[in-house]
Amino acid sequence: KGRIRITRLVSFLMGFSQAMLIYVMAYYFKLASGTENVGPFYFISFGIILIILLNLHKFIRILGKSNVFYFSILATVVISSLLVFLEPSYLGIALLMSYVIFISIAWTSLDVILESFSTDRMSGRIRGVHLTIVNLGYLLGPFLSTKVLEKFDFKGIFLFLLVFNSFVLIVSLLGLRN
């Protein structure tokens, strides 16, 4: 039960922070590329995600589900810290696309971790609460993202992601180890 609670906290934090980014990501792509057509950035990102997710079981078998999760969150921390110092640019687009890829891997591996904690009898209830908590985080993010973007520009958004993802990494390392 303790690990399920940790997973719920991590899910809420991840949902909240990702909602902040999702709400302003298309605007970032538009500013960085200078074009209204931001679809190719999403298409490429999600195409790569699809390929990775189809093969994720191989990485999980080799590295372990927790290690895949830790590595993915660590990658988002590093990418967020780099994005804090970059103005919208093509390098920023590449880093943001990488961020989307790694956070998708983190979400999937967190789901695998949650599945390992739940018994068959309780798995529906546990996953239902898990998804409700994630969605609660998604509901709250856009309210704050507009304020942060207005006041601190994209640097504020990426700094927020850096802080939240660092906190997720620390909580996960302490609460989900072994």
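Side chains are part of it too, since the values below use all heavy atoms of this structure and drop only hydrogens, waters and symmetry mates.
- When hydrophobic clusters are built by joining Ile, Leu, Val, Met, Phe, Trp and Tyr residues whose side-chain heavy atoms come closer than 4.5 Å, directly or via intermediates, Met14 is grouped together with Leu173.
- The line from CG of Leu96 to OH of Tyr90 is 14.5 Å long, rounded to the nearest 0.5 Å.
- The heavy-atom pair separating Ser109 from Lys65 by the smallest distance is CB-O, 4.0 Å.
- Formation of a donor-acceptor pair under 3.5 Å by the Asn67 side chain with backbone atoms of Leu63 is found in this model.
- Taking the side chain as every heavy atom from C-beta outward, Phe152 and Leu159 never approach each other to under 4.5 Å.
- Of the listed residues (Phe41, Tyr23, Phe154), just one forms a ring-ring contact (aromatic ring centres under 6.0 Å, His included) with Tyr28, and that residue is Phe154.
- The minimum heavy-atom distance linking Ala106 with Ile73 is given by the pair CB-CD1, 3.7 Å.
- Here the shortest heavy-atom pairing between Ser45 and Ile101 reads O-CG1, 3.9 Å.
- A side-chain donor-acceptor contact under 3.5 Å links Asn165 to the backbone of Leu161.
- A distance-only check finds a donor-acceptor pair linking the side chain of Tyr42 to the backbone of Ala26 [under 3.5 Å].
- The two residues Ser145 and Met20 make their nearest non-hydrogen contact at CB-O, 3.4 Å.
- For the pair Ile113 and Ser66, the tightest heavy-atom approach, listed with the atom from each and the gap, is CD1-CA, 3.9 Å.
- Tracing side-chain contacts under 4.5 Å through hydrophobic residues (I, L, V, M, F, W, Y), one never reaches Leu174 starting from Val10; they form parts of separate clusters.
- Ring geometry, Phe16 versus Phe160: the interplanar angle exceeds 60°, so the pair is classed perpendicular (tilted spans 30 to 60°).
- For the atom pair CD1 (Ile51) and CD1 (Ile49), the distance works out to 10.5 Å, reported to the nearest 0.5 Å.
- Of the possible polar contacts, one joining the Lys155 side chain to the Val84 backbone as a donor-acceptor pair under 3.5 Å is found.
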